[in-house]
Amino acid sequence: MIKNTRLVDIFEKILTKNSPPDFERNLAVFDELYEEARIMGIFPLKDPMEDMDSKIFMVRVLNAL
């Protein structure tokens, strides 16, 4: 557990200042995360309208409150 968050904030600021963003690396990370989600069956979405009735019902209930 981090007790002194101020030191962590300073460390993060120094780290981000000294290391510029790397587009190639970020793209590789994105591709790997997408591949992992695809293997788990999350992507591609099967049918975006599948749960629409329950979502509409939930929105109506929340709006009534």
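Counting begins at 1 with the first residue of the sequence. In what follows, every heavy atom counts, from backbone to side chain, and hydrogens, waters and symmetry copies are set aside.
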Once you round to the nearest 0.5 Å, how far does CG of Asp53 lie from CE of Met58? 12.0 Å

Donor-acceptor contacts, no H, no angles, side chain residues 34-42, under 3.5 Å, sequence neighbours left out:
from: Glu35; atom 1: OE1; to: Arg38; atom 2: NE; distance (Å): 3.4
from: Glu35; atom 1: OE2; to: Arg38; atom 2: NH2; distance (Å): 2.5

Could you grab the distance from atom CD1 of Ile10 to atom CD1 of Ile14, nearest 0.5 Å is fine? 7.0 Å

Quick one: salt bridge (Lys or Arg N to Asp or Glu O under 4.0 Å) pairs with a partner in residues 7-21, sequence neighbours left out? none

Ring pair (Phe, Tyr, Trp, His ring centres under 6.0 Å): pairs with one or both residues in residues 9-31, sequence neighbours excluded: none

